[in-house]
Amino acid sequence: MDATYDYLVWLFPAAAQWPSWLVTLVITALPALACFTFMSLGPLVYVYAERKVAGFMQDRLGPMRVGPYGLLQTVADTVKLLFKEAIFPRKVDRKLFVLAPILVNVGAFMPFVVIPWGARLQPADLNVGVFYVSAIAALSTVGIIMAGWASNNKYALFGAMRSAAQIVSYEIPSLLIILVPVMLVGSLSLLDITQAQAGGLQNWLLFRYFPIMPVAFVCFFVTGLAETNRAPFDIPEAESELVAGFHTEYSGFFFAMFFMAEYTEMFVFSAVAAVLFLGGYLAPHPALQQVGPVAMGWFWLWFKAWSLMFVMMWLRWTLPRSRVDQLMYIAWKVLLPIALVLVVLVGGLVLIPATANGFPWDRYVAWPLTLLLVGFLTLVMIRALRWDKGRARELALPAGGAAPARQVAR
Amino acid sequence: MSAASPTGFVSDWDQDGLDTDEMVVNMGPQHPATHGVLRVELRTDGEVVRAARPHIGYLHRCFEKHCENVDYPGVMPYADRMDYCAAMGNTLGFALTVEKLCGIEVSPYVQTVRVIMAELQRIASHTIAVGTYTMDIGAFTPFLHLIRDREKILDLFEWTCGARLLYNYNWVGGVSHDLPDGFIRATRDFLREFETVTFPELLDLIIHNRIFVRRLSHVGVCSPELAISYDLTGPNLRGSGIARDLRKDFPYSGYESYDFDVCVGTGQYGPKGSCFERNWVRVVEMRESAKILHQALDRLEKTEKADVHEKVPKRVKPPKGEIYFRSEAPRGQLGYYLVSDGNINPYRVKVKSPCFTAMSVFHHLAKGMLIADVIALIGSLDIVLGEIDR
Amino acid sequence: MKRWLQEVWAGFYTVLVGMRITWRHLFTNSVTLQYPSVRWTLPPKSRMRLFMKYEDCIGCGQCVRACPVNCISLKTEKRPADAPPIWAASGQPIKLHVSVFDIDMSLCCYCNLCTYPCPTFCIYMTPEYEFATGDLSQHLYRFAKKDAQFLMEDPKKKAAPAEATPETPVAPQNPPASPAGA
Amino acid sequence: MDAAAIHAALVQRFGERITGASLDAGSPFAIVATDAIAEVAAFCKVDPALALDNLMCLSAVDYPKETPPRMEVVYHLFSYRHLHTFALKVQLPRESPAVPTLEGVWGVANWHEREAWDLFGILFTGHSDMRRILLPDDWEGHPLRKDWQDPEYYNGLHVKPTPQMMERALAGETIGVGPFDFTPENKHVEEP
């Protein structure tokens with residue numbers, strides 16, 4: 001904090017005489033405000049990006065009408081939503097109805113406190129950082145249930161009940177998998193986790209103990225999808241079944257808040273995943289960390305988080321929606337066992353001192369594991385090829401024959 | 001609060017003291033996944049549906065009353081608007097019925113043109129059926145890919161007869177416009193693109209996708225006896241494993257001379273008759289239609305060009321009598337019971353619509369399902385409300 | 001255990017297969033069209049709005065009978081005996097004076113059944129589809145004109161009259177549909 | 001089995017309750033007495049030789065001008081095992097037509113019979129859910145009968161444009177044919 005204080009004094013020499021409460025107020029309030037505005041403008045970009053990605057994946061162009069290449073489309077949408085009348089249906093529980101979107105937004109924005117954008121660019125370095133993020137993310141569930149109940153609409157009630165079950169049951173595997181990087185680094189604070197991965201790409205947690213950590217990363221990604229109600233798990237607001245799930249009755253500004261909360265939560269989750277597995281604000285090569293006087297830490301974190309969000313969007317426009325009980329099956333019968341196995345494995349590996357008295361233990365333990373897993377993967381690949389041949393017979397296509405170059409008939 | 005279930009009329013559906021935890025949900029007429037204007041009244045206990053009662057009639061335009069006040073060629077535009085996703089199928093059925101009653105025999109050239117148009121319409125109708133079905137299950141991209149390819153078929157139709165959705169193309173005794181030259185080459189282009197790019201992509205992207213399969217493979221299983229007793233026809237029946245296709249059993253308009261096989265539910269991912277099988281039959285049927293189209297195009301080049309209006313009578317006046325004729329529309333067997341008393345407008349036309357009977361089995365299969373499965377069931381029966389309500 | 005592993009692997013593998021396809025579609029060019037700035041070129045036979053050449057109409061009423069939705073309303077009177085003889089472009093003499101010929105496009109079902117029985121090919125469908133209006137009554141097009149230039153001499157008697165085929169004008173101008181018409 | 005054989009089997013089984021038949025090529029049918037239809041239908045379905053296990057179409061037809069004026073219910077049956085078709089007809093009086101239901105024999109009859117009741121007014125005794133299926137529940141009358149007159153109003157809405165509306169349209173006046181109600185008097189005031 002002292003650096004910001006010196007900066008403040010350099011800016012306003014008179015600040016030295018200010019009372020202490022005013023100084024702390026200015027030092028903490030200003031960065032928080034800056035962070036909040038930067039984060040709340042984020043969804044504008046992400047919504048536009050999602051519609052463009054969806055458009056190109058479906059052989060169309062996405063928004064092109066408002067502004068050059070549709071750049072002002074989301075601005076227009078936001079302005080419309082802000083000025084549209086927020087309708088309150090008659091028998092709606094007004095207080096809860098208004099409180100719900102606020103609570104959901106609180107749950108979405110508060111994790112930004114612990115996300116490190118740079119060596120010292122972090123609002124607060126809590127030593128319980130990772131658990132703080134999970135706890136706050138669970139807060140938005142309360143908001144969703146409140147929205148479902150308050151809007152007095154059967155579909156909203158269904159949506160809320162589903163989302164409660166979904167988020168709660170995905171918290172458990174997600175927390176277990178968070179244990180894996182925490183065990184490797186030995187600290188809960190996000191800053192320490194990032195700094196433990198310093199020194200370029202090969203030190204990132206994703207590539208340590210090669211076969212285990214990628215699996216952990218994929219599982220964590222899947223739990224993240226479920227927690228932000230995205231892609232194959234967007235059951236709470238399943239358009240085709242529940243009209244619009246918990247935010248059916250919302251319109252105007254409140255709908256905008258739900259929308260913003262969803263995309264912010266998506267960004268928060270991708271940022272946390274980037275910090276835990278992809279080395280937060282660390283550049284792939286130390287040389288790229290500093291460009292002239294400017295530290296590029298924030299760019300790398302944003303870039304990693306954004307590529308994870310692109311994968312989420314990519315999944316959303318590819319996969320159908322799974323049913324509620326299948327979602328629970330995946331949570332309890334698939335992710336939980338894998339998470340437990342991972343925790344046990346990494347726990348064991350961490351106990352083995354890497355180079356205790358000159359004997360490279362982890363290399364001798366890691367290798368057989370890798371061979372075992374690679375063997376399993378090739379076995380499955382052969383089976384997959386047989387699957388491919390079988391299916392090719394259905395299509396009367398030469399097995400593995402790629403479809404000829406696409407020529408659009410028009 | 002949406003209106004409670006309507007009371008005040010003969011109600012055997014025992015409403016006595018709705019116990020507290022059950023809830024009546026109206027999947028209302030304007031619901032995103034009911035394929036048109038259908039209201040399903042679900043009595044749900046949490047997510048599980050205890051009883052379902054479909055309400056139809058929101059799109060009733062009294063087709064049968066119109067038929068009695070309009071002459072035979074005038075019935076065609078109304079027949080188009082019954083199953084608006086497969087207009088060619090409806091008019092072909094009615095045209096064949098009247099021709100059989102009047103004893104008109106159409107030239108082989110016109111028969112081949114009709115088969116080409118019917119099969120193109122079958123592919124277009126199945127792209128809508130499969131596309132909206134994947135959208136009901138949540139995948140939006142395959143729907144747009146299929147709609148993009150359906151546009152190519154609609155371009156062919158528009159090039160031939162000027163309209164894109166409701167064509168008034170099949171007349172009694174012939175067709176309204178002859179095929180423009182270059183039509184055969186354009187159709188061949190479309191078929192090549194369809195078979196090499198669209199079809200494999202559809203299979204890879206969604207049909208074999210594990211989430212899609214798990215969502216549908218054990219849902220809404222309809223046994224063959226139930227299917228026959230509730231007169232499910234077309235892909236719904238073949239999904240239950242019964243290989244019955246009118247184009248094979250009672251061939252009309254030259255279908256006996258094309259070789260194609262009847263696609264049947266294979267039960268590859270679960271029991272026969274499940275939602276997946278019905279959808280699977282529609283997907284494979286698209287490839288069969290493409291096969292028929294290839295043969296029909298080859299035959300068209302060989303038969304000499306005949307005037308399409310040659311057999312169209314000046315005034316259609318069928319003799320006194322009655323007839324029931326069935327044709328294989330994309331959604332099932334479309335039956336016309338035509339009673340004529342000799343003057344220019346029909347005395348009575350009764351249409352047996354495949355979707356009407358498909359919907360009648362709905363309340364049987366919907367018991368005990370989750371709400372998400374009810375949507376999957378409606379989608380798999382591939383109903384079009386225009387045809388149900390007539 | 002084996003089934004569980006197979007299930008997880010199949011789920012994962014088919015997701016990757018699906019993603020591969022959508023990735024490929026990211027780079028295929030789009031098939032959509034930005035409508036107001038770029039328009040489809042419609043085939044000449046496309047059936048959009050009805051147009052009727054008043055000068056050729058002999059008032060026979062065939063189209064009124066053929067229309068399944070009765071959207072054409074026609075009123076004719078005998079031409080006074082002393083009026084100069086007039087002919088339609090395709091050679092039929094015009095004996096009836098058509099005082100009212102309205103086509104209500106809001107009722108029309110675009111089935112093209114009225115164009116076939118017309119003896120003088122005066123009613124046909126043009127590929128012009130942008131006639132949406134705010135008020136439904138604007139769709140009531142009146143084709144009866146007071147100041148119509150009829151053909152005074154018999155086209156058949158003229159030396160080698162050109163074969164009168166109906167040319168479809170690209171942008172047919174028709175009388176203003178406002179109530180002040182006729 | 002062609003139509004004649006089926007008819008022979010029915011007559012042999014039911015004797016005089018099969019009152020008539022016409023086995024020409026068009027669509028062969030047999031006329032059955034009203035009260036025997038349930039029995040005949042069950043026999044058609046159960047009998048292995050006939051095996052007519054599918055009710056293709058149940059249609060009602062109104063013949064006011066025939067002698068005697070009657071209403072007919074036609075059952076078109078099909079057999080998935082032998083692939084042959086046959087039709088049964090039941091003739092009913094036009095005043096209060098009633099037929100025993102065949103819902104037990106073929107499930108699809110449930111909806112077909114509801115439609116016949118809705119559009120023709122034929123009551124199917126013993127039907128589990130005899131409600132209107134296509135028309136609104138509070139609609140009076142059965143529209144597909146030949147002696148049907150369109151009602152002037154339905155819940156206060158114009159069912160058909162009134163004659164003077166047509167007159168004014170032909171006279172050249174532009175009438176707002178929009179969904180809103182039409183005010184008869186002409187508000188067009190001549191300038192002084």
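Every value quoted in this text rests on a predicted model; they were computed, and no experiment measured them. Note on naming: letters A, B, ... go to the chains in the order of the sequence lines (proteins, then strands), and numbering restarts at 1 for each one.
Proximity to chain C (any heavy atom under 4.5 Å) is restricted, for B:Tyr78, to the side chain, taken from C-beta onward. Using a 4.5 Å cut-off between heavy atoms, C:Tyr116 touches chain B through its side chain atoms alone. In this structure, the portion of C:Met48 lying under 4.5 Å from any heavy atom of chain B is its side chain and not its backbone. Contact annotation for B:Ile206: neither backbone nor side-chain heavy atoms come within less than 4.5 Å of a heavy atom of chain C.
Among B:Lys314, B:His145, B:His309, B:Met76, the residue making the largest number of heavy-atom pairs under 4.5 Å with chain C is B:His145.
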Residue pair C:Arg24, B:Glu201: steps toward the salt bridge (Lys or Arg N to Asp or Glu O under 4.0 Å) verdict: CA-CA 11 Å; C:Arg24 200 154 17 105; B:Glu201 256 184 24; 3.7 Å; yes
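Evaluation of the salt bridge (Lys or Arg N to Asp or Glu O under 4.0 Å) test over residues 68-82 of chain B, restricted to residues two or more places apart or in two chains, returns B:Glu68-D:Lys146.
Between C:Glu7 and B:Arg214 there is a salt bridge, since a side-chain N of the basic residue sits under 4.0 Å from a carboxylate O of the acidic one.
In this structure, C:Leu113 and B:Pro73 approach most closely via the heavy-atom pair CD1-O, 3.6 Å. Taking both residues in full, the closest heavy atoms of C:Ile21 and B:Asp204 are given as CD1-CB, 3.2 Å, listed atom of the first, atom of the second, then distance. Residues B:Gly74 and C:Pro68 share a closest heavy-atom pair of O-CB, 3.6 Å.
Between the CZ atom in C:Arg65 and the CD1 atom in B:Ile344 there is a gap of 9.5 Å [rounded to 0.5 Å].
Within residues 168-178 of chain B, the residues having any heavy atom under 4.5 Å from a heavy atom of chain C are, by residue number, B:Asn168, B:Trp171, B:Ser176, B:His177, B:Asp178.
With hydrogens and angles ignored, the 3.5 Å screen pairs a side-chain donor or acceptor of C:Arg47 with a backbone N or O of B:Cys161.
For the pair C:Val15/B:Arg210, no side-chain contact is recorded, criterion being any heavy-atom separation below 4.5 Å from C-beta on.
Within a 6.0 Å radius of OH in C:Tyr129, other residues, nucleotides and ligands contribute more than 12 heavy atoms.
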